[in-house]
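Chain A is the first sequence line, chain B the second, and so forth, proteins listed ahead of strands; every chain is numbered from 1.
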Protein chains: 2
Amino acid sequence: MEAIIITIGDEILIGQVVDTNSAWLGQKLSEAGIRVKKILSISDDLQEINSSLQQSIGEADLIITTGGLGPTKDDITKKAIAAFVGSELYFHKPTYERIKRIFEKLGRPMSPAHNDQCLMPANAEILHNSMGTAPGMLFNFQGTKIISLPGVPYEMKAIMEEEVLPKIIETSPITIVHKTILTCGKGETVIENQISEIIDEFPDNIKIAYLPALAQVRLRITGTGSDKTGVEQSVASYTDRIAKRLGDMVYGYDDSSLPQELFTLCSSKNIKVATAESCTGGLIASKIVAVPGSSVYFQGGIVAYSNEIKTIILNVKSETLQSCGAVSETTVIEMVDGAIGALGVDVAVAVSGIAGPDGGTPEKPVGTIWICAGNKDSKSTFLVQAGKDRTKNIEIATIYALDLLRKFVLKHYYQA
Amino acid sequence: MEAIIITIGDEILIGQVVDTNSAWLGQKLSEAGIRVKKILSISDDLQEINSSLQQSIGEADLIITTGGLGPTKDDITKKAIAAFVGSELYFHKPTYERIKRIFEKLGRPMSPAHNDQCLMPANAEILHNSMGTAPGMLFNFQGTKIISLPGVPYEMKAIMEEEVLPKIIETSPITIVHKTILTCGKGETVIENQISEIIDEFPDNIKIAYLPALAQVRLRITGTGSDKTGVEQSVASYTDRIAKRLGDMVYGYDDSSLPQELFTLCSSKNIKVATAESCTGGLIASKIVAVPGSSVYFQGGIVAYSNEIKTIILNVKSETLQSCGAVSETTVIEMVDGAIGALGVDVAVAVSGIAGPDGGTPEKPVGTIWICAGNKDSKSTFLVQAGKDRTKNIEIATIYALDLLRKFVLKHYYQA
């Protein structure tokens, strides 16, 4: 079964609103075994809506439109679809009663604009909206289901989950299974070479996609077929083999994240953690703290942006700063020891680097970043040679620091 | 001039990635006076790419595709477009040299996959990618410009801003002048009421748009017309009147930001600044440090996530924590004094709050956040009552803290 999503509204085209509805619909539909063939964003315009429906009607079994069902003048989706399927509008009393009750609850009179929301296309199946006034609509037209939903995300989601998905899932013949492997530290080509033999064994119903981001690559393994358990098993076993092959560059699966994994690793062994940041300026700590409950393991950190603070608070030796420089392996090691001492934690991670655009030298160009993760007894250090872009350098340093901390904890508290 | 955006990649269709590229492109293009007619998301599939280009070629003057230019097997956009415009691929030496240098810097060998990235369509104008290996491409085909960009956001944005937009803007016929007023702390309806008289005087060629974000509203004043200087003058004068009316809630203009304004205010008066953060966990410091050169005024900060660190490093009295609690006006005041003492700065900002989801009480529900900005002699404090969402609460606290710091510096070092 194939679907096309059509989001209607100028705010998306001028980039004032990011289209999160389509992403959510795409997820729900592929979970339901429906392949989203295309996502289309168009303006609130009768002709655009008409021609988009015209183009899509032959291409998919299911068309879902969002937006343009509100009470204001620019909301024309209902009119447009009714015209497209050649349907009259009639006064739908149950909708009127429902909207009337909503306004009675609000203690406000119902506006004429909302009266229009009670006019429904004769051949539409009404989809109940538990979150707002505008009902959804389902049309069966030329062998294609056309479903029209409001653009307000929580209204759209409510109608999908309560009214649409139950209907669809029964009728869907094939299963689509996704599993995503999260990796850090290597590029997609390196990864591809490392797992090519496994990929070559893939049957036709198993595919892999590489989703690169800064210093990270997500590998999405997708299986399709009518035999649900069979597909799930084969996706699971290939995922397993690939993950084993990639080793410790794999930090998690699906919607996890480095801070999420750190939270799990450290909290379950009751490891107290702190940060000592120079060029990342607190970004590492802020990523750690973004995870709810992180206070159970994260104590805090020092943003040692100036050398004074490196010496005063983190106890980095002035000789070290003079002889090796603030951006050096020795400095980040002393920063870790300083953080452990000053903040009374088990493990700390430290970063010092040249984010740029200025401050580079021939020996230490912009993008030179030293990272250290360690406890009292041992340290792991890592040198990043990033590029010229300040924002990118700070983000790369943050990701590598979180990953080095993860690997240190794994090695010394799990494999030890 | 009309444009169609085509984003290529299954990850968007299955909702694994939210398509933020299109929103960004939509903004940039409409600012350049180009109307985005349609946004299309399709899968990495030769036929899909071909038929989408076929459909779009007649409909728009400009087609921008993103995605599918990477080195791995699932990246087929270049092949697809080359086939569509009937162009051979040839070995593009400058690209090869550039990619080779990138790998030399990384100290890694260049893979065969990356050799493929050096094959370029014969009739494509190469668009330099300053952020990654895959170059962008520009084709002139049947009177339509087809521009192909990588899907990685920072690479796509770099090529658009450095290579594409300058070209486009020249060719645009009428002048569109935008001026954006940046405000913090009040909602759009409050602002709208405060400036309604001025808006009512707008001639037809002047428009205003309210772009609300977390704790901030951007007011975009747009003027259109053939008389460039006339439009510019009238936009400037209306902007000026509105800004005066809104007073100190206005912190800057256009692409500025609170950290950027802080940089200017503090560096020009040589004010040394530090942060003391609890619930924001370093996010305030990281925003400050994101501005190049911030080290001239920002010394560093303490992420005092645990109470121990608040007392040990920031010298917050245990009695205070016991009697008033960690989230209290007294605590944030003592955190500011502690930061000034420990880090030897002139001015500090401190935040302590309950980000949630847990930790709330009837007296101090989740979203209760105390902020203080001050120097040795005086302090300003501010209480934020935010909502239940952890991520939002942390961001709101960060924005209000930066704004309180800005207002404190203005009041005590500029108006004094």
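- Interface residue A:Ile313: only side-chain heavy atoms are found under 4.5 Å from chain B.
- With a threshold of 4.5 angstrom between heavy atoms, A:Asp19 approaches chain B through N, CA, C or O but not through any side-chain atom.
- Using a 4.5 Å cut-off between heavy atoms, A:Glu11 does not touch chain B at all.
- With a threshold of 4.5 angstrom between heavy atoms, A:Ile394 approaches chain B through side-chain atoms but not through N, CA, C or O.
- Of the two parts of A:Ala290, only the backbone, made up of N, CA, C and O, holds a non-hydrogen atom closer than 4.5 Å to a non-hydrogen atom of chain B.
- Using a distance-only test at 3.5 Å, with no hydrogens or angles considered, no donor-acceptor pair links the side chain of A:Lys38 to the main chain of B:Ser52.
- For A:Glu395, no part lies under 4.5 angstrom from a heavy atom of chain B.
- Between B:Cys279 and A:Val289, the shortest heavy-atom distance links the atoms O-CG1, 3.7 Å.
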| task | Given side chain to side chain contact (heavy atoms under 4.5 Å, CB included), test A:Lys272 with B:Ser306 step by step and report yes or no. | result | CA-CA 11 Å; A:Lys272 303 297 179 195; B:Ser306 72; over 6 Å; no
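- By number of non-hydrogen pairs under 4.5 angstrom with chain B, the leading residue of A:Leu40, A:Thr7, A:Ile14, A:Ile302 is A:Ile14.
- Side-chain contact check for B:Glu277 versus A:Val303: every heavy-atom pair is 4.5 Å or farther apart.
- Only the side chain of A:Glu192 comes within less than 4.5 Å of a heavy atom of chain B; its backbone N, CA, C and O stay farther away.
- Of the listed residues (A:Lys37, A:Glu31, A:Arg218, A:Lys310), the one with the most heavy-atom contacts under 4.5 Å to chain B is A:Lys37.
- The side-chain heavy atoms of A:Asp389 and B:Tyr154, taken from C-beta on, include no pair separated by under 4.5 Å.
- Heavy atoms of A:Leu211 lying under 4.5 Å from chain B belong exclusively to its side chain.
- For chain B, the nearby parts of A:Gln299 are the backbone and the side chain; heavy atoms of each come within less than 4.5 Å.
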